[in-house]
Amino acid sequence: MELINSFLNLVVPPASLVILAFSWPALSFINACEWIYNSFNIESMEDKVVIITGASSGIGEQIAYEYAKRKANLMLVARRENRLRIISENARAMGAKRVLIMAADVVKEDDCRRFVSETVNIFGRVDHLVNTASLGHTFYFEEVTDTSIFPHLMDINFWGNVYPTLVALPYLHQSNGRVIVNASVETWLPLPRMSLYSASKAALVNFYETLRFEVKDDVGITIATHGWIGSQMTRGKFMVEDGAEMQRKEEREVHVTGGPVEEFAKLIVSGACRGNIYVKYPSWYDIFLLYRMFAPNILNWTFRLLLSSNGSRKTSLVGTGMPVYEASGSGSGSGRLVLEGASPRRLLLAPNSPQSLQAQKLE
């Protein structure tokens with residue numbers, strides 16, 4: 001058996017690449033035909049019921065607007081009720097039939113049961129569940145000095161999707177509905193400074209890939225993966241937990257290069273309505289999956305080259321991060337940018353900022 005495995009290890013990878021190269025035109029043609037067929041069978045969302053978590057900003061907000069344009073009924077869920085009120089008014093102006101809002105925390109099962117039950121009590125059904133709540137970081141794992149942030153990342157990125165899905169699944173079965181998942185390319189593309197974020201997103205994707213087989217054709221699942229997106233999470237706004245409740249700590253806005261949130265949201269909603277199992281933005285990221293499978297050393301060499309900058313290592317704004325501003329002490333609000341981060345906690349809150357002082361009081 002060992003001899004057979006050794007032989008297959010040598011033969012299967014190159015043979016698979018050759019087969020893939022010759023079959024690529026046929027596969028592309030089949031995918032194009034499938035896309036055309038699905039385009040003529042787009043699900044009408046008029047009068048349908050959509051629950052959107054993490055709807056107070058970023059991708060969740062833009063997805064709400066896309067469903068509003070399709071005249072759906074919306075249940076918008078987030079912790080910041082004041083933001084939800086503004087977004088609900090915008091959604092109504094864009095064409096949403098009815099819009100409900102509810103302040104809730106998706107990492108709490110009771111809160112999830114509350115907003116799903118409220119939706120069913122008022123609308124009588126659930127057609128789409130869109131999970132968009134997410135939390136990222138940009139620290140090196142070995143720099144961590146405060147591990148209290150670890151559970152928060154897993155709670156929001158994993159359990160914050162699992163709990164709403166568990167509660168809504170019986171109603172999605174009744175309507176042959178769909179779950180839409182906000183994943184990320186980091187599930188299989190190993191970007192530095194995102195170890196815990198990547199792990200939580202990988203767990204999320206594997207959960208839904210398995211669930212897809214369990215629910216069969218009764219409930220559709222659309223997994224949306226994206227590269228760098230210019231949302232609040234990439235502009236320096238993080239969520240941390242103080243006490244029992246989730247509080248949002250906002251630092252200075254940081255402009256980060258990334259794809260527009262609006263375009264990604266439009267792709268997600270149109271892909272979900274076509275019944276696509278995957279939505280990818282941008283799709284060229286897929287080529288890195290081949291490198292990871294068949295030439296992983298190339299990815300490793302590339303990242304090592306990018307990270308080796310004058311022999312020093314600094315916490316940066318790669319992906320979903322933010323800088324830490326240190327107060328100048330002048331009281332003018334100006335400060336200097338601190339790139340030598342250590343603890344994730346210190347990265348999340350600028351020292352001497354009003355938010356930091358508030359957190360210290362809560363602690």
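Position 1 is the first residue of the sequence; numbering continues from there.
When side chains are defined from C-beta on, E118 counts as touching M75, because their heavy atoms get closer than 4.5 Å. The side-chain heavy atoms of Y197 and S134, taken from C-beta on, include a pair separated by under 4.5 Å. Side-chain contact between R80 and S57 is present, with at least one heavy-atom pair separated by less than 4.5 Å. In this structure the side chain of H128 reaches within 4.5 angstrom of the side chain of Y67, judged on heavy atoms. Taking 4.5 Å as the limit, some side-chain heavy atom of L204 sits within range of a side-chain heavy atom of V181. Annotation: side chain of K71 is not in contact with side chain of K48 (no heavy-atom distance under 4.5 Å). Looking at heavy atoms from C-beta onward, P164 lies in side-chain contact with L129 at the 4.5 angstrom threshold. When side chains are defined from C-beta on, L169 counts as touching L211, because their heavy atoms get closer than 4.5 Å.
The aromatic rings of F139 and F150 sit parallel to each other, their planes meeting at less than 30°, with 60° as the upper class boundary.
R212 forms a cation-pi arrangement with Y278, by the criterion of a distance under 6.0 Å to the ring centre and an angle within 45° of the ring axis.
I30 and I36 are not part of a single hydrophobic cluster, where members link through side-chain heavy atoms under 4.5 Å apart. No single ILVMFWY cluster, assembled from side-chain heavy atoms under 4.5 Å apart, contains both I42 and Y37. Grouping the Ile, Leu, Val, Met, Phe, Trp and Tyr side chains by contacts below 4.5 angstrom, directly or via other members, places F213 apart from Y208. Hydrophobic cluster membership differs between V215 and L166, with clusters built from Ile, Leu, Val, Met, Phe, Trp and Tyr side chains linked at under 4.5 angstrom. Taken together through direct or relayed side-chain contacts under 4.5 Å among Ile, Leu, Val, Met, Phe, Trp and Tyr, I277 and I223 form part of one hydrophobic cluster.
Between the side chains of R178 and T222, a donor-acceptor pair is found at a separation under 3.5 Å. If you check the side chains of Y140 and S195, you find no donor sitting under 3.5 Å from an acceptor. Residues N90 and Y65 have side chains that bring a donor and an acceptor to within less than 3.5 angstrom of each other. At a cut-off of 3.5 Å, with distance as the only test, no side-chain donor of S175 or R125 sits close to an acceptor on the other residue.
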Inset, instruction - Could you walk me through whether T165 and N131 pass the side chain to side chain contact (heavy atoms under 4.5 Å, CB included) test, one step at a time? - result: CA-CA 8 Å; T165 301; N131 296 313; 3.4 Å; yes
Inset, instruction - Starting from the C-alpha separation in whole Å, work towards a yes-or-no answer on side chain to side chain contact (heavy atoms under 4.5 Å, CB included) for C273 and R70. - result: CA-CA 10 Å; C273 292; R70 296 171 184 261; 3.8 Å; yes
Inset, instruction - Report the C-alpha distance between V120 and V49 in whole Å, list the side-chain angles of each, state the deciding distance to 0.1 Å, and finish with yes or no for side chain to side chain contact (heavy atoms under 4.5 Å, CB included). - result: CA-CA 9 Å; V120 174; V49 180; over 6 Å; no
Inset, instruction - Show your reasoning for whether side chain to side chain contact (heavy atoms under 4.5 Å, CB included) applies to N73 and V50. - result: CA-CA 6 Å; N73 297 301; V50 182; over 6 Å; no
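No donor-acceptor distance shorter than 3.5 angstrom exists from the side chain of N176 to the backbone of L172, with no hydrogens or angles considered. No donor-acceptor pair closer than 3.5 Å links the side chain of D127 to the backbone N or O of G177. When atom types are taken as modelled, the side chain of K201 and the backbone of N182 share a donor-acceptor pair closer than 3.5 angstrom. A donor-acceptor pair under 3.5 Å links the side-chain atoms of T132 to the main chain of G54, judged by distance alone.
A pairwise comparison of heavy atoms in A64 and I52 identifies CA-CD1, 3.5 Å as the closest pair. Nearest heavy atoms, A96 versus L74: CB-CD1, 4.2 Å. The two residues Y163 and V107 have their closest heavy-atom pair at CE1-O, 3.4 Å. Closest of all the heavy-atom pairs between T225 and F264 is O-CE1, 3.9 Å. Summarising the geometry of L76 relative to I87, their closest heavy-atom pair is CD1-CG2, 3.9 Å, with the distance given to 0.1 Å. Heavy-atom minimum distance, S200 versus N157: OG-ND2, 3.0 Å.
The residues E262 and K266 are annotated as not salt-bridged, no charged nitrogen and carboxylate oxygen being separated by less than 4.0 angstrom. A salt bridge links R114 to D111: at least one charged side-chain nitrogen sits closer than 4.0 Å to a carboxylate oxygen. Salt-bridge check for E46 with K97: passed, with a basic side-chain N closer than 4.0 Å to an acidic carboxylate O. For the pair R274 and E43, the salt-bridge criterion is not met [side-chain N within less than 4.0 Å of a carboxylate O].
The NZ atom of K69 sits 15.0 Å away from the CE atom of M45 when rounded to the nearest 0.5 Å. Annotation: the span from M102 atom CE to R79 atom CZ amounts to 15.5 Å, rounded to 0.5 Å. For the atom pair OG of S117 and OH of Y171, the computed distance is 5.0 Å after rounding to the nearest 0.5 Å. Atom CG of L84 and atom CD of E89 lie 12.0 Å apart (nearest 0.5 Å). To the nearest 0.5 angstrom, N276 atom CG is 11.0 Å from I180 atom CD1. How far CG of N121 is from CG of L100: 11.0 Å, rounded to the nearest 0.5 Å.
Legend: residues meeting side chain to side chain donor-acceptor pair (under 3.5 Å) with T119, ordered by chain and number and at least two apart, are absent.
In this structure, the ring of H226 has its center no less than 6.0 angstrom from the ring center of Y281.
Within 6.0 Å of atom CG in D217, 12 or fewer heavy atoms from other residues, nucleotides or ligands are found, so the atom counts as exposed in its surroundings.
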